[in-house]
Amino acid sequence: MCATYEPPPRPIETFVFMDLEATGLPPSRPKIAEMCLFSVNRHALENPQYSNSFPKPTPLFPHLVDKLCIYINPDKPFTPTASSITGLNNEVFANNKKQSFNLHVFHMITAFFSRQHPPICLVAHNGYGYDFPLLKAELSALGISALDEIYCADTIKAMKALDRENNQLHQFLYQPSPIGSKKKYGLRDLYFKFFKVYPLNSHSAEGDVITLISIFQQRARDLMCWMDLNARQFNTIKNMYKENVRYASFSKTPMNIQPVPPSLLQDQPRRRITTVHPAILYPVDNGIDPTDNEYTPLYHRISELPDEIKNTLLLFIGLIVIVWIALKTPV
Ligand code: DCM
Ligand code: MG
């Protein structure tokens, strides 16, 4: 059965180019280690300035790009390949005291989106196959099932679709020769096709986003039109994998998120499994530092316990109540 997705209600206004680096590929249940978002308004993509390079002027990198790049402690070993291509390893995250994928990351993403003009479309190269399902899995582990009103589009899918429609002059990858040879839509090959050199900083999230935008600019109007018609809601993306929810669920609408007091946004001592105190979700300005365990209400501590322990506790309490009632009842 073919799923149908609702495209944006009107032309996309903001394209947020995204790339993730992580501990590996599926099915190793990768965890995000680096995330980079570059937000570019449609106006900048439709009206680029050009370099006077020969033989053909090239669009200059857009101005007024908002950027959000963060390193995230994956709390999971990198596969040897992932470590070798990204240059990242677990030691460097520990040495630099990087925090895990926690609610601060979610707040940063939603605050970043809140500053962009809608409709907003997340754009990633192989986004449907990797970046979107991975981001979705990490958000789900925080109890966040969706990012409302955000669309997404995969540049590989868009480029393949345009290549099927266009004559060879406008193709992203045109290979006249060997029969059956597979066209390569990797970022490096595409970049080489347009610029005749290989891109810098491959397999760094920021480097890959810059490379993607440079390629996108080569056929910006076609790609934007395709995305206006074919982008789908981020909520329709399936998780790459399922993980037990680590934190309490809360409203998924960015506007409903309570502001987080600056004191709570400071680095917190790393714990083995990162947890975010419920007071971060529902901050109350009562003068008490909610991260201080001395003041943590008992029900908050209990709510942080694993489900199995909570269920056993409930069963135990239930048994005590039944025995108490049985003893009190006259025979
Ligand atoms: N990756 C991998 N092995 C590869 C290619 C990628 O483990 N051969 C993983 C690690 C990268 C992530 O995918 O951080 C994203 O890939 P890319 O750097 O191409 O965006
Ligand atoms: Mg990358």
Side-chain angles (χ1 to χ4, degrees), residues 15-40 61 65 67-94 96 98-101 105 108-109 112 121-141 152-160 172-173 182-195 197-217 223 234 237-241 243:
F15 293 85
V16 179
F17 296 86
M18 175 176 85
D19 189 65
L20 303 177
E21 300 305 325
T23 54
L25 294 173
S28 72
R29 300 165 74 90
K31 302 291 296 287
I32 299 175
E34 191 187 354
M35 182 179 78
C36 197
L37 306 176
F38 274 34
S39 160
V40 190
F61 200 79
V65 176
K67 302 167 189 173
L68 173 66
C69 294
I70 19 179
Y71 285 93
I72 298 160
N73 191 330
D75 288 331
K76 177 174 187 152
F78 283 82
T79 64
T81 314
S83 184
S84 133
I85 61 172
T86 60
L88 300 171
N89 57 60
N90 298 94
E91 203 186 348
V92 84
F93 281 89
N96 288 278
K98 288 297 169 198
Q99 291 189 20
S100 316
F101 194 101
V105 179
M108 286 160 98
I109 296 173
F112 187 81
C121 182
L122 262 181
V123 179
H125 205 61
N126 193 28
Y128 292 157
Y130 190 81
D131 304 71
F132 303 146
L134 176 54
L135 178 60
K136 197 91 196 300
E138 292 270 30
L139 289 172
S140 295
C152 63
D154 182 334
T155 33
I156 292 192
K157 195 169 162 67
M159 288 172 186
K160 284 186 174 172
F172 278 94
L173 283 180
K182 243 183 141 192
K183 291 179 184 176
K184 288 183 171 170
Y185 286 85
L187 271 188
R188 280 170 65 78
D189 294 302
L190 286 161
Y191 191 90
F192 189 83
K193 184 219 145 141
F194 288 113
F195 301 100
V197 287
Y198 283 108
L200 297 172
N201 304 323
S202 283
H203 303 300
S204 86
E206 188 170 1
D208 287 347
V209 166
I210 292 171
T211 302
L212 178 58
I213 294 175
S214 309
I215 296 166
F216 193 97
Q217 285 182 295
L223 286 166
F234 183 76
I237 299 287
K238 290 210 163 60
N239 293 356
M240 185 182 275
Y241 50 83
E243 221 187 331

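Any value given below was found using the heavy atoms of this structure, including those in side chains, with hydrogens, waters and symmetry copies removed. Order of listing sets the numbers, starting from 1, for every ligand and every atom in it.
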### Query
How many N, O or S atoms of the protein are nearer than 2.8 Å to the Mg ion (ligand 2)?
3
### Query
Name the residues with a heavy atom less than 4.0 Å from ligand 1?
Asp19, Leu20, Glu21, Ala22, Gly24, Leu25, Thr81, Ala82, Ile85, Thr86, Tyr130, His203, Asp208
#### Entry: Those residues that, when tested against Tyr191, pass ring pair (Phe, Tyr, Trp, His ring centres under 6.0 Å) (two or more places apart)
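Counting only residues at least two positions away or on another chain, Tyr191 forms a ring pair (Phe, Tyr, Trp, His ring centres under 6.0 Å) with Phe195.
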### CA sep, side-chain torsions, deciding dist, call: Glu21, Asp208, side-chain contact (heavy atoms from CB on, under 4.5 Å)
CA-CA 10 Å; Glu21 300 305 325; Asp208 287 347; 3.2 Å; yes
### Query
Would you call the rings of Phe17 and Phe216 parallel, tilted or perpendicular if under 30° counts as parallel and over 60° as perpendicular?
perpendicular
### Task
Give a yes/no on whether the SG-to-SG distance for Cys36 versus Cys69 is below 2.5 Å.
yes
#### Entry: Rounded distance [0.5 Å steps], CD in Gln99 versus CG in Asn73
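Gln99 atom CD to Asn73 atom CG measures 9.5 Å (nearest 0.5 Å).
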### Query
Testing Leu88, Ile32, Asn96, Val92 for side-chain contact (heavy atoms from CB on, under 4.5 Å) with Tyr71, which one passes?
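The option that passes is Leu88.
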### Query
Passes side-chain contact (heavy atoms from CB on, under 4.5 Å), Ile210 versus Phe38? Steps please.
CA-CA 8 Å; Ile210 292 171; Phe38 274 34; 3.8 Å; yes
### Task
List for me each residue that meets side-chain hydrogen bond (donor to acceptor under 3.5 Å, both in side chains) alongside Ser214, sequence neighbours excluded, and say none if there are none.
none
### Task
Kindly determine whether Leu134 and Tyr241 satisfy side-chain contact (heavy atoms from CB on, under 4.5 Å), including the steps that lead there.
CA-CA 8 Å; Leu134 176 54; Tyr241 50 83; 3.9 Å; yes
